Amino acid sequence: MSLLVRLSLRSRLLIALAVIGLLLLFTGGLAILGVAGEIGSQVVTQTAAREARLLASSLVEPLILKDYSTVEQLMRREVQTAEADAVRFIGEGVRIEAEERTADWQRPAWFARLLGMLPAEAEETIVVGGHEYGRVIVTIDPGFVEERLWRMLGMGMMIAASAVVLLALAMHFILRANFAGLEAIRTSAQRRAAGDLSSRIELPEHAPPELVETAQVLNQARDLLQQKMDELATEKERWRITLASVGDGVIVTNADGDVVFMNPVAERLTAWPLDEARGKPIETVMPLVHEDTRAPQPNPARVALRTGEPQAMANHTLLLARDGRELPVHDSAAIVPSVAHDTPGEPCGAVLVFRDDTERRALLRELRLMAFHDPLTGLPNRRALVGRIERALRQVTEEGRSHVFCYIDLDQFKLVNDTCGHAAGDALLVEIVGLMKNAVPAPDAHGGERSLLARIGGDEFGLLLFDCSLDDAVATAKRLVELITTHGFRYEARQFHIGASVGVAALEPGMGVDAVLGHADTACYLAKDRGRGRVEVHSAAHAGIRALDEEMQWVARFDESLAAHRFRLYRQRIAPVAAKNGGEHYEILLRVLDAEGVAGPPGRVLSAVERFGYAHLLDRWVFDALLDYLARHPEDHAHYAINLSGGTLSQAEFLAHVQQRLAATKIAPTRLLFEITETAAIHHLAEARHLIATLSSLGCRFCLDDFGSGLSSFAYLKQLPVSVLKIDGGFVRALHEEANDYVIVNAIAQIGRDLSLEVVAEWVENQEILDRLAEIGVEYVQGYFIHRPEPLPE
Amino acid sequence: MKRLAGFFLSWLIALAAHAWEAGGPYPFGVLNHRSLTFTAEYWNPILAWVSERAGVKLELRVARTANETTDMAARGELAFVYSNHFFTPERAKLGFSVLARQEGEGIKGQVVVRDDSPAKRLEELAGKKVAFANPYGFTGYFVPYDALLKARVKVEPVFAGTQEAAMGQLKFGQVAAAGVNSQVMADYAQREHFAYRVLWESVPYFDLAVMAHPKVPAAHREAVRQAFLALRDEGSGREVLAEAARKLGLEQPRGFVMASDADYENYRRFFRETRVPVKGQ
């Protein structure tokens with residue numbers, strides 16, 4: 001049985017066919033022999049009958065002739081030459097017999113027994129014309145038939161044996177040809193089982209359609225599997241590269257929490273190579289502790305595996321790397337659900353993603369610092385100051401403590417910034433802050449806070465003095481002013497003298513932060529206004545403070561005044577000293593109608609709107625009003641000068657507005673002269689240069705107003721492409737009396753000539769001044785002596 | 001010695017010839033006009049009926065040829081014969097007497113050729129083979145050959161053994177003509193669908209006669225004569241005749257009628273006048 005089990009399918013088929021063939025041969029042979037015996041018996045019987053008939057017919061004539069000798073001869077010939085073994089004739093009174101000895105048959109006796117044939121006897125009566133001549137009896141032994149059947153059997157056995165051999169050969173080749181495809185399928189299946197998916201089933205030609213169909217299905221399955229494997233490999237490579245490329249550390253564990261994968265970042269952060277980490281518990285590879293308590297922290301991957309929920313790590317976690325480093329890390333973990341068909345959705349592992357949080361946490365600290373500190377000086381910034389003032393105000397209100405706030409504004413800082421660049425400005429600020437830090441009250445012996453120095457913005461600083469009297473505060477402020485003023489700032493071989501103005505305001509119960517800052521700012525402005533380098537204390541009774549308050553009220557009413565047309569344009573002629581043929585020149589002056597409708601000088605209106613940032617609106621109104629006038633009076637061909645404030649210079653919209661209006665009114669730009677003060681130009685140097693260059697290209701001209709009263713820096717003169725210099729009236733008014741003024745005016749006039757600039761002297765109030773100016777060679781003059789301002793014609 | 005042996009043989013023959021005289025069936029010889037089997041099939045039923053009717057047992061006896069049959073009769077081996085060979089001068093001496101004859105107008109001797117033969121006259125047969133039944137045949141040899149001789153036509157006689165054998169040779173082209181019995185020829189042509197043409201024909205002669213040996217008792221002779229005559233008169237006899245005629249393919253059965261030696265005088269006269277040698281017959 002075991003031998004049969006080991007037999008191949010082809011051998012089994014061959015054996016089965018052989019057994020079936022032998023059985024068929026045996027049973028068929030028996031059946032054929034049985035049939036052959038019956039047929040043989042019939043043949044013997046029929047042969048006996050035929051021989052009897054033939055013999056009888058041949059005996060007719062001899063019997064008619066009563067030629068019994070011939071009869072006997074014919075009977076003997078019958079037994080000798082035909083199949084008959086014995087012949088008898090029985091006639092009336094006549095009996096003749098002939099017999100032949102039985103031949104020696106070759107067929108075996110058992111064969112004769114198997115056939116079961118018996119001797120046959122046939123009798124034929126000879127009657128002619130109703131007369132019976134006698135009977136012929138023929139006896140035939142079946143031996144001749146048995147002999148023929150025996151020979152046929154031998155031949156049949158040979159044919160059958162040959163057929164069996166041929167059939168076996170044919171079956172062998174047929175099975176081999178048909179099983180070749182099956183063998184190809186089996187070989188391919190074995191290769192695939194061994195992991196070789198590259199093998200395709202190649203069937204021989206003319207393979208059975210079942211095998212062809214099976215091979216096609218298996219090849220399709222193989223192609224599909226190969227495609228899936230390729231996709232899986234591609235996906236795996238993609239994920240490997242992705243994981244290797246990401247900046248975060250990634251650790252993958254199995255369901256037991258043992259490491260199965262780490263990307264390079266994870267290897268670097270934990271200092272564990274993947275080969276060594278693989279199979280180790282996640283806690284071994286990635287031990288976590290609390291950054292403050294040093295207590296071990298549960299690993300998120302472990303927690304995720306236990307709970308089945310995604311986990312995020314607290315921000316206070318430290319990773320204890322294998323090499324001794326302690327890294328703040330930020331991480332999260334999630335389970336990997338199984339996709340196996342028998343355990344779908346069950347956790348088969350966890351993915352832990354973490355990153356080095358060192359930089360982020362440092363950045364957070366820095367951002368926190370930056371939010372309340374000035375990065376340049378390291379001082380608390382305005383936000384920190386406001387918060388501290390709020391707290392201080394609560395202390396004042398609730399605790400009755402006395403705190404004072406000082407508003408410190410550096411003088412000449414912009415000069416350094418503009419002339420030497422921002423780097424110089426920054427260096428100056430750092431130096432000044434260093435001075436101030438040393439000068440403000442230091443914390444007391446208990447570490448108690450006594451002062452807070454903050455940078456409010458630009459060159460403005462705030463100093464909050466805690467538990468400090470107003471006088472002590474003023475003293476401290478003055479000490480600071482003194483230190484700053486006496487401190488010589490050098491930058492690239494240049495020496496600058498910086499000053500400071502300080503406004504002091506006491507924190508009083510009920511005040512708000514804005515009020516504290518406003519009071520100190522107002523006092524500081526007053527200090528600046530009064531000549532800089534001063535310390536002013538805010539007090540409601542202070543005259544200067546009140547004046548400033550009035551200006552503020554003016555500003556508050558500015559829009560209202562514009563709307564009420566309370567501003568009027570006047571003009572004052574600018575005349576050439578010598579007779580010239582250049583047409584008339586006027587300067588546009590602004591007048592304000594008072595409550596009674598009487599026009600008066602703008603006075604503090606101008607300084608107020610300029611201080612509080614509304615000057616550009618006023619300048620724009622003046623410009624529009626002049627152009628409206630010129631448009632209405634085409635007969636007026638005079639040239640007009642308009643004053644522009646510093647704030648206007650920085651308004652890009654103003655430049656576009658001028659261009660648009662000039663184009664719209666078609667007023668010749670050459671009739672317009674814009675006067676800008678040296679101070680305004682310095683504060684907005686870049687914008688001023690752009691404005692001058694742009695409008696000059698249209699034909700407008702520019703005049704540097706009040707020249708000599710400000711910095712009088714020739715450097716500015718060089719940088720500002722003006723065509724007219726207007727000497728500050730302060731030098732002109734006492735020209736005939738003050739020698740210094742004469743010298744200055746003469747020098748300015750000389751500069752104008754040397755630079756091919758037209759020079760205008762204002763405030764010419766008498767003939768003597770005019771004469772002196774003529775001596776000096778000033779070309780144009782302006783003042784009450786020349787022409788008293790008049791309203792522009794309606 | 002030879003003479004002694006011949007005498008002894010004749011004695012034995014005579015002894016044997018007279019065997020039927022001691023009793024037992026009378027041998028009835030029939031002239032071989034047809035094959036042995038046809039002859040037996042025709043005559044056995046008739047003889048059986050006549051034997052039954054006459055109360056005289058008759059047994060058909062024929063030799064292989066007509067001559068041998070005639071010789072058997074000449075040797076006294078036959079008690080009755082159905083023949084016309086016993087009107088020659090020699091055989092007339094044997095004493096056979098006529099009892100009856102086959103009904104009909106009689107037979108004629110004819111010289112016939114195939115219907116497609118070019119011969120139109122006897123002279124055109126000169127030098128050619130002409131078949132005859134046997135040298136003893138009257139209408140099958142003597143009458144037609146006598147006509148050829150009288151017409152001075154010299155032919156090459158061929159003896160076929162029987163009338164139908166001669167006709168067979170003519171049918172299959174072995175001879176140019178045949179001398180035949182007109183009746184037998186007509187029967188043969190009808191049976192075998194053979195077309196022939198008659199070149200010459202004799203006067204009619206009565207057909208063969210049933211004759212009795214002189215040693216047959218007169219009562220038996222008469223009984224046999226009456227039985228033959230009763231064949232066509234009785235129903236069973238007619239049936240036998242009809243069956244016998246059917247086997248030979250004859251259109252009409254032929255019975256037997258009363259006849260005597262006088263009815264065959266023209267035979268005797270022919271033999272006296274014929275130019276055909278008849279010596280020994």
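Letters A, B, ... are given to chains in the order of the sequence lines, protein chains preceding strands, and every chain is numbered from 1. Treat the numbers as computed from the prediction; the structure is a model and nothing was measured.
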- Task: Applying side-chain contact (heavy atoms from CB on, under 4.5 Å), run through A/H131 and B/L47 and close with a yes or a no.
- Result: CA-CA 10 Å; A/H131 180 77; B/L47 294 183; over 6 Å; no
- Message: Are more than 12 heavy atoms, taken from residues, nucleotides or ligands other than B/R64, located less than 6.0 Å from that residue's CZ atom?
- Response: no
- Query: Which bit of B/E243 is near chain A, if near means a heavy-atom gap under 4.5 Å: side chain, backbone, both or neither?
  - Reply: neither
- Item | Side chain / backbone / both / neither for B/A40 at chain A, heavy atoms under 4.5 Å | both
- Message: Would you say that more than 12 heavy atoms from the other residues, nucleotides or ligands in this model lie under 6.0 Å from the CD of A/E123, or not?
- Response: yes
- Under 4.5 Å from any heavy atom of chain A - which part of B/R61: side chain
- Message: Is it true that, when you exclude B/K57 itself, more than 12 heavy atoms of the residues, nucleotides or ligands shown sit nearer than 6.0 Å to its NZ?
- Response: no
- Task: Could you look at A/V128 and say if it's the side chain, the backbone, both or neither that has a heavy atom under 4.5 Å from chain B?
- Result: both
- Message: Using a 6.0 Å cut-off, check whether atom CD of A/Q106 has over 12 heavy atoms from anything other than its own residue.
- Response: no
- d(A/I64 CD1, B/L60 CG) to nearest 0.5 Å is 7.0 Å
- Message: Tell me if the CD atom of A/E97 is crowded by more than 12 foreign heavy atoms within 6.0 Å.
- Response: yes
